[in-house]
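Written out below as structure tokens is the structure these notes cover.
Residue numbering restarts at 1 for every chain, and letters A, B, ... go by the order of the sequence lines.
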2 protein chains.
Amino acid sequence: MNGAGKPTINDVAAAAGVSKKTVSRVINKSPLLSASTREKVEGVIRDLGFVPNLQARALALRRNFIIAAIHDNPNAQFLVNVQQGIQQGIAGSEFGLMVQPFDRSDPAFESEVRAFLERQRPFGVVLLPPISSDEAIVALCRETGTRYVRMGSIKMDEAAHVVSSNDREAVRDAVTHLIGKGHRRIALIEGPEGFTSPQERRAGFEEAMAQAGLAVDPALVRPGSYTFESGVAAAECLLALAAPPTAIFASNDEMAIGAMIACRRAGVRIPEDISIVGFDDTPLSSHVWPTLTTVHWPIVDMARTAAQKLMGSEDAAGELPWMFPSTLVERGSVVAPA
Amino acid sequence: MNGAGKPTINDVAAAAGVSKKTVSRVINKSPLLSASTREKVEGVIRDLGFVPNLQARALALRRNFIIAAIHDNPNAQFLVNVQQGIQQGIAGSEFGLMVQPFDRSDPAFESEVRAFLERQRPFGVVLLPPISSDEAIVALCRETGTRYVRMGSIKMDEAAHVVSSNDREAVRDAVTHLIGKGHRRIALIEGPEGFTSPQERRAGFEEAMAQAGLAVDPALVRPGSYTFESGVAAAECLLALAAPPTAIFASNDEMAIGAMIACRRAGVRIPEDISIVGFDDTPLSSHVWPTLTTVHWPIVDMARTAAQKLMGSEDAAGELPWMFPSTLVERGSVVAPA
DNA sequence: GGGTCTTTTGACACCGGTTACCTAATTATT
DNA sequence: AATAATTAGGTAACCGGTGTCAAAAGACCC
């Protein structure tokens, strides 16, 4: 023990009467060690309360033990779910989770990301949508030798680098569910333009309508931006139509709840007068009244797997699933039209 | 350049024709260097795109560049706000933010925290409530030599180790506001027992009532747990009373919104029949209808300052503010009683 | 009992920086 | 002009681990 401070590998080696390399072998569970030596060293490690210094290991191994989640300030619940999933994935390992937000609208966006990767040199990064579909950032990861996994709604890379959900099919199922209940005038509140997941959700909507032989009325497709306010605004437009819809599919829960509020303000009852379906299955969706029928988005599972893909070998990562099914959760906001 | 990989301090030294120590001095902005040497070395650093290896620095300096936020899975919005504040605080520095959740109900809680601190050895930790009031964890920080800042609602340590809000006064103001509007039968929905912030909020409620010479009717004080559901349940009880309250103060927004839902289900109009005040000023509070009058909780500012306290010297930390005022935000859920 | 093949272990350099200490050069002092 | 005081910069050891490679210790065989 070097006077004060934590014991180091040298202290352990001295106390156990072996070389530090041997202690290193014990730490790393090297197979070429006699059982007796291993036990002896393990005993000393326990007695001294030795914990290997990750910084030193990082330097020697030329890799650290940091998984970084890189995001563009998404919805709080989404971000927390991703963090929770990653934490589940790294639980029991030596890895730690670093979280780093960026502003994609900042002209320095790319150089900021580069600076982060070069400075912290995380072992791997989880790219949250919509950054996950930014090829420039992916190129940056490759260039800096950073392992990465992209979270998204379609497969946009090799399986080892992707975890995604089948939003399109899930939305198709959800809208088909509405059609099955007897709805014909079904509105869509879209997500922000230029991103993958809203596009997929829209495609699912259109596929369901087409499958049922229903035309998509352009008046019933309203833009949105995944925010509560945009849900309110979209629903207000829809309710003002001469022939308002009998059901609304909102591309996320937040907009769905915005739509619910707009309906309530307008005196339109849910679900009697209008059915509403959301997407995400945030806690909020079971907190509103009536509870929101929505599509469960398996973010936690996706994030957990993303972390596992980063920690394992490239081959192992390819073996892990990259597709996670989103499934409809029926609650109280959908009934047959009057 | 060692073949491949990033350039190291040795590469820079060789290219600039100086010793690595001189390069180190440039990196660390040491004052004892001639301007000409400095410029020469800086030029080489730029040309080579040299970025110092944080792992190596961490090892040599015996300290790393990680601020960890330690929490017990609080509300998503709160957690994200704290993260945002810390990110603001460390912006432009070499520090990174690591986020680590723990489960206080797990019997291994303390040893888990210890393992984290010993393994990652973060330079400093921000303790989120309610962990921030756990003296065992604080003791652990001291023992492991980890700098810490506690987020809370009262000063529970030296100024250098605390950022807090004056919940008590803010609640007193909020309830006095209700009284000023003419309310007399005011209900309180409490937060979970055994934590500091709910206690403070309750104290503020009682102080306001006492100042106005009003008695606190025990029937109008309902327990809660900061969750939406507990807000619903509490409000249901209150509305079922023979003499229901004309106003409700809920100890956080989530419960306030639960209470709003319960009122709506019961056919009680807000704010005509009952006024409601929350606490936190989450985005949600302006997303409901009517918008929620609530107390703004300056979490982002607190977290930013917490990070600054951790990064600076102990003395500098003591100079930074430790108290951040919570203030009432008047929105649409309060009017005079009928 | 000596030689050969394995298995176990250690010596030493190295990862990329920093600190402590020292030397050489420059400037100030007398 | 000689000496002291500053300043600029270099040398070598070290932070706490890991990789390489060779030596030491057993196991096995004749």
Side-chain angles (χ1 to χ4, degrees), chain A residues 1-42 44-45 48-66 94 118-121 123 145, chain B residues 1-42 44-45 48-66 94 118-121 123 145:
Chain A
M1 202 84 72
N2 53 24
K6 301 223 139 306
T8 73
I9 198 170
N10 289 306
D11 302 319
V12 175
V18 298
S19 73
K20 57 196 281 199
K21 180 66 212 179
T22 300
V23 179
S24 168
R25 290 198 177 96
V26 173
I27 298 172
N28 292 288
K29 302 199 186 11
S30 159
L32 19 71
L33 255 186
S34 69
S36 61
T37 313
R38 161 166 296 123
E39 279 163 26
K40 181 174 61 180
V41 175
E42 282 176 344
V44 175
I45 289 179
L48 261 51
F50 166 70
V51 180
N53 182 323
L54 272 189
Q55 323 296 334
R57 257 153 86 59
L59 179 59
L61 288 166
R62 277 177 225 73
R63 75 188 203 69
N64 64 18
F65 298 88
I66 295 175
E94 301 177 284
E118 290 185 337
R119 198 180 306 286
Q120 296 293 344
R121 307 189 194 188
F123 179 70
Chain B
M1 201 82 76
N2 53 23
K6 303 222 138 307
T8 73
I9 197 171
N10 289 305
D11 303 319
V12 176
V18 298
S19 73
K20 58 195 281 199
K21 177 63 221 182
T22 300
V23 179
S24 169
R25 289 198 177 96
V26 173
I27 298 173
N28 292 289
K29 303 199 183 11
S30 159
L32 20 70
L33 259 185
S34 70
S36 62
T37 314
R38 162 166 295 122
E39 278 163 27
K40 180 174 62 177
V41 174
E42 281 175 345
V44 174
I45 289 179
L48 262 50
F50 167 69
V51 179
N53 183 325
L54 271 189
Q55 322 297 331
R57 256 153 87 60
L59 179 57
L61 289 166
R62 277 176 224 75
R63 75 186 202 71
N64 63 19
F65 299 88
I66 295 175
E94 300 177 283
E118 291 183 337
R119 198 181 305 286
Q120 297 293 345
R121 308 191 192 185
F123 178 70

ring-ring contact (aromatic ring centres under 6.0 Å, His included) filter on A:F65, not counting sequence neighbours, yields A:F95
Can you measure B:E118 atom CD to D:dG16 atom C1' for me and round it to whole angstrom units? 16 Å
To the nearest Å, how far apart are B:Q55 CD and D:dT18 C1'? 15 Å
On a heavy-atom basis, the closest approach of B:R57 and B:N28 is NH1-OD1, 3.2 Å
With sequence neighbours left out, write down each residue that passes side-chain hydrogen bond (donor to acceptor under 3.5 Å, both in side chains) with A:R121, or none if nothing qualifies. none
Taking N or O atoms only and anything under 3.5 Å, show me the protein contacts with nucleotides 22-24 of chain C, one pair per line.
none

Separation of A:L54 atom CG from D:dG17 atom P, in whole Å? 10 Å
Can you confirm whether B:P52 sits close enough to B:I9 that some side-chain heavy atom of one is under 4.5 Å from a side-chain heavy atom of the other? no
Are any side-chain N or O atoms of A:E118 and backbone N or O atoms of B:G49, one a donor and one an acceptor, separated by less than 3.5 Å? no
Give the rounded distance in Å between these two atoms: CZ of A:R62 and P of D:dG17. 17 Å
How close or far is atom P of D:dG16 from atom CZ of B:R57, stated in whole angstroms? 17 Å
Atom CD1 of B:I27 to atom P of C:dT19: distance rounded to whole Å? 11 Å
Is there side-chain contact between B:N53 and B:T8, with heavy atoms separated by less than 4.5 Å? no
State, yes or no, whether a side-chain contact exists between B:V26 and B:I45 at a heavy-atom distance under 4.5 Å. yes
Between B:F65 (CZ) and C:dG17 (C1'), how many Å, whole number? 10 Å
Could you tell me which non-hydrogen atom of A:V51 sits nearest to which non-hydrogen atom of B:R119, and how far apart they are? CG1-CA, 4.1 Å
Candidates C:dG17, D:dT18, C:dT18 - which lies nearest the side chain of A:L61: D:dT18
Listed nucleotide nearest any side-chain atom of A:I9, set D:dG17, D:dT18, C:dG16: D:dG17
So, is A:N28 close to the D:dT18 phosphate, meaning a side-chain N or O under 4.0 Å from OP1 or OP2? yes
A:L33 side, atom CG; A:E39 side, atom CD - distance, nearest 0.5 Å: 11.5 Å
What is the separation between atom CG on A:N64 and atom P on C:dG17, rounded to the nearest whole Å? 14 Å
B:R25: partners by side-chain hydrogen bond (donor to acceptor under 3.5 Å, both in side chains), with sequence neighbours left out: none
Minimum heavy-atom separation for A:I27 to A:F50, with atom names? CD1-CE2, 3.5 Å
Nearest to the B:L59 side chain among D:dG17, C:dG16, C:dG17, which nucleotide is it? C:dG16
Can you find a side chain N or O atom of A:S24 that sits less than 4.0 Å from OP1 or OP2 on D:dT18? yes
Got a list of protein N/O to nucleotides 6-10 of chain C N/O distances below 3.5 Å?
| unit_1 | atom_1 | unit_2 | atom_2 | d |
| --- | --- | --- | --- | --- |
| C:dT9 | OP1 | A:S34 | OG | 3.0 |
| C:dT9 | OP1 | A:T37 | OG1 | 2.2 |
| C:dT9 | OP2 | A:S34 | N | 3.0 |
| C:dT9 | OP2 | A:S34 | OG | 3.4 |
| C:dT9 | OP2 | A:T37 | OG1 | 3.3 |
| C:dG10 | OP2 | A:S19 | N | 3.1 |
| C:dG10 | OP2 | A:S19 | OG | 3.2 |
| C:dG10 | OP2 | A:T22 | OG1 | 2.3 |
| C:dG10 | N7 | A:R25 | NH1 | 3.4 |
| C:dG10 | O6 | A:R25 | NH2 | 2.7 |

Could you tell me, to 10°, how much the axis swings from one end of the helix from C:dG1-D:dC30 to C:dT30-D:dA1 to the other, five pairs per end? 50°
Going by heavy atoms in the side chains, are A:L54 and A:N64 under 4.5 Å from each other? no
